[in-house]
Amino acid sequence: MLTGGSRADQRHRSVRAALDWSHALLDPADRALLRRVSVFAAPFTAGAAAEVTGDEEGLVIDGLARLAEQSLLVVSASPGGTEYRALETIRQYGTERLTEAGELADIRSRHLRWCLAKAAGLAAVREDWRARFDLVANDLRAALAWAADQPERRAEAYDLARHLAGLAFTRNLVGESQRRHEQAAALADDPASAASALRHASVVAGCRMRGDDMFRLRCAAADAARRSGDTAGAAADLAAAATATFRFATTFVRLPAPGEVLALMDEARGLAGDDPAALAAVATAEAGWTLHAAVTGGQVLGDAATDGQARGDTVRGGALLGDVVGAGRGNLTTPCRRRSRARNGQSN
């Protein structure tokens with residue numbers, strides 16, 4: 001192990017010496033270009049490099065060609081034009097140089113703005129949407145990872161997380177979509193925005209058949225809504241959490257205790273006031289609970305989680321409830337159906 005470690009250190013020093021030697025041969029403008037394009041996590045075009053570095057595109061094209069001649073960049077052809085890519089070792093070296101030059105925050109910020117513009121441009125799904133998303137996805141993720149740790153970039157990080165959540169959902173990356181919605185909630189400056197992001201995360205969790213997450217996220221949305229002063233919204237969230245426990249019972253790893261569900265419905269009823277939508281959500285939850293008890297012969301939810309027949313009855317009862325009163329509160333599975341349609345088209 002010691003010998004292996006020593007050899008690894010020796011290889012590292014050799015690579016570092018080779019990069020230092022190549023870097024020393026560059027003129028100052030090309031050194032600056034190399035360190036600035038190191039922020040790109042995926043192949044990039046000369047136009048993208050010009051936007052991020054702030055240099056004139058013609059000068060950037062010439063500089064990129066010189067860096068490629070020195071084997072510091074890999075060049076490839078694509079439908080969108082010539083693309084350039086730095087190997088990971090060179091990216092890390094460039095980032096070190098960017099930090100030494102005191103340019104890291106500025107170039108990362110320019111890259112973040114470029115990513116936000118790209119994310120906004122992907123909002124419209126066209127025939128080539130999938131390829132365009134895949135081309136920039138790693139850059140969006142890298143920019144978000146950096147911005148999320150910068151207090152002064154919190155608002156931009158929130159916007160990018162929200163964009164990436166929707167884009168990932170369209171791309172059928174539903175696990176990432178849920179994580180990004182939750183990340184957006186954590187980055188939100190106000191509890192109302194956090195509540196909205198958590199509701200979206202809960203819906204995506206439903207598409208993933210993750211009942212525990214649906215329940216957790218709806219309860220978290222209710223807490224955020226309460227903090228924002230939206231008691232009616234909090235009531236609807238609590239009612240939706242309760243509804244999930246019997247309508248989607250088979251998607252839970254551990255169902256909440258019946259007393260916990262009843263307490264949620266009682267709290268929701270108290271928060272609903274005279275808001276029609278909140279009252280409808282509470283009525284749906286209460287009717288579903290009654291129907292569940294009728295279908296399962298009064299069996300409690302905790303027993304239903306371990307009894308296959310009762311679980312099947314719970315789902316059938318929940319489906320019946322959705323047919324009867326679902327229109328009054330909206331359909332939680334609608335986004336999943338949209339995603340299913342997108343998977344069969346060009347947008348996935």
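These numbers come from a predicted model, not from an experiment.
- Shortest non-hydrogen contact noted between Ala155 and Asp189 is CB-OD2, 4.3 Å.
- A donor-acceptor pair under 3.5 Å is absent between the side-chain atoms of Arg35 and the main chain of Gly94, judged by distance alone.
- Taking CG of Leu140 as the start and CG of Leu122 as the end, the distance is 7.0 Å to the nearest 0.5 Å.
- By the 4.0 Å N-to-carboxylate-O rule, Glu51 lies too far from Lys118 to be salt-bridged with it.
- Atom CD1 of Ile90 is separated from atom CG of Leu34 by 7.0 Å, given to the nearest 0.5 angstrom.
- Taking the six-membered ring where tryptophan is involved, the planes of Phe40 and Trp114 are perpendicular, since the angle between them exceeds 60° and thus also 30°.
- The backbone N or O of Leu19 lies less than 3.5 Å from no partner atom in the side chain of Ser22, so there is not a single donor-acceptor pair.
- Tested against Gln178, the residues Gln183, His200, Arg208 include a single side-chain hydrogen bond (donor to acceptor under 3.5 Å, both in side chains) partner, Arg208.
- In summary, Arg269 and Glu286 engage in a salt bridge, as defined by a charged side-chain N under 4.0 Å from a carboxylate O.
- Placement of Leu198 and Tyr158 in two distinct hydrophobic clusters is found when ILVMFWY residues are connected by side-chain heavy-atom separations under 4.5 Å, directly or transitively.
- Follow the hydrophobic side-chain contacts under 4.5 Å out from Leu217 and you never reach Val204; the two are in separate clusters.
- Side chain of Thr82 to backbone of Ala77: no donor-acceptor contact under 3.5 angstrom is found.
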Side chain to side chain contact (heavy atoms under 4.5 Å, CB included) between Thr45 and Ser78, intermediate numbers included: CA-CA 10 Å; Thr45 64; Ser78 76; 5.8 Å; no

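- By the 4.5 Å heavy-atom criterion applied to side chains, Val74 and Tyr84 are not counted as neighbours.
- Annotation for Leu104 and Thr95: closest pair CD1-CG2, 4.3 Å, computed over non-hydrogen atoms.
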Check the pair Glu96 / Arg16 against side chain to side chain contact (heavy atoms under 4.5 Å, CB included), numbers first and verdict last. CA-CA 12 Å; Glu96 290 178 16; Arg16 178 75 188 206; 2.4 Å; yes

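- Gln70 places no side-chain N or O within 3.5 Å of a backbone atom of Leu72 that could act as its donor or acceptor partner.
- Minimum heavy-atom separation, Val282 to Met265: CG1-O, 4.4 Å.
- A salt bridge does not link Arg171 to Glu176: none of the charged nitrogens lies less than 4.0 Å from a carboxylate oxygen.
- Taking the side chain as every heavy atom from C-beta outward, Arg180 and Phe169 never approach each other to under 4.5 Å.
- The closest side-chain heavy-atom distance from His111 to Phe44 is not below 4.5 Å.
- Taking CG of Leu59 as the start and CG of Asp30 as the end, the distance is 10.5 Å to the nearest 0.5 Å.
- The two residues Arg162 and Ala184 come nearest to each other via the heavy atoms N-CB, 4.1 Å.
- Within the 4.5 Å cutoff, side-chain heavy atoms of Arg226 are placed close to those of Leu271.
- The ring of Tyr93 has its center closer than 6.0 angstrom to the ring center of His23.
- Here Arg66 does not pair with Glu69 in a salt bridge; the nearest charged N to carboxylate O distance is not below 4.0 Å.
- The distance from the CZ atom of Phe246 to the OG1 atom of Thr290 is 8.5 Å, given to the nearest 0.5 Å.
- Heavy-atom neighbours of Asp274 CG from other residues, nucleotides or ligands within 6.0 Å: at or below the threshold of 12.
- Distance alone, capped at 3.5 Å, is enough to place a donor-acceptor pair between the Asp212 side chain and the Val253 backbone.
- Side-chain atoms of Leu264 and Cys219, non-hydrogen and from C-beta on, do get closer than 4.5 Å to each other.
- Using modelled atom types, one side-chain atom of Arg154 and one backbone atom of Leu187 make a donor-acceptor pair closer than 3.5 Å.
- Checking side-chain atoms of Thr284 against main-chain N and O of Ala280 turns up a donor-acceptor pair under 3.5 Å.
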Is there a side chain to side chain contact (heavy atoms under 4.5 Å, CB included) between Leu135 and Arg132 once you walk through the steps? CA-CA 5 Å; Leu135 182 63; Arg132 290 189 298 121; 5.7 Å; no

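- Both Leu164 and Leu173 belong to a single network of hydrophobic side chains, linked directly or stepwise wherever heavy atoms of I, L, V, M, F, W or Y lie under 4.5 Å apart.
- Both Leu64 and Val75 belong to a common hydrophobic cluster when Ile, Leu, Val, Met, Phe, Trp and Tyr are linked at side-chain heavy-atom distances under 4.5 angstrom.
- Salt bridge status for Asp106 with Arg36: absent, with no side-chain N to carboxylate O gap under 4.0 Å.
- Note on ring orientation: taking the six-membered ring where Trp is involved, the planes of Trp289 and His292 are tilted (angle from 30° to 60°).
- To the nearest 0.5 Å, atom CD1 of residue Ile107 and atom OG1 of residue Thr99 are 11.5 Å apart.
- Between the Arg216 side chain and the Ser202 main chain, no donor and acceptor come within less than 3.5 Å of each other.
- Side-chain heavy atoms closer than 4.5 Å link hydrophobic residues (I, L, V, M, F, W, Y) into clusters, and following such links, even through other members, never connects Ile61 to Leu26.
- What you find for Ala41 and Ala142 is that their closest heavy atoms are CB-CB, 4.1 Å.
- Side chains of Ser76 and Arg85: no donor on one and acceptor on the other come within 3.5 Å.
- We find the CG-CG distance between Leu144 and Leu160 to be 5.0 Å, quoted to the nearest 0.5 Å.
- Using a cutoff of 4.0 Å between basic side-chain nitrogens and carboxylate oxygens, Glu100 and Arg97 are scored as salt-bridged.
- In this structure, Leu167 and Trp129 have side chains that are in contact, with non-hydrogen atoms separated by less than 4.5 Å.
- Closest non-hydrogen pair, Asp139 versus Cys115, comes out as O-SG, 3.5 Å.
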Test salt bridge (charged side-chain N to carboxylate O under 4.0 Å, His left out) on Arg91 and Glu88 and set out the steps. CA-CA 5 Å; Arg91 283 192 66 232; Glu88 185 59 29; 3.1 Å; yes

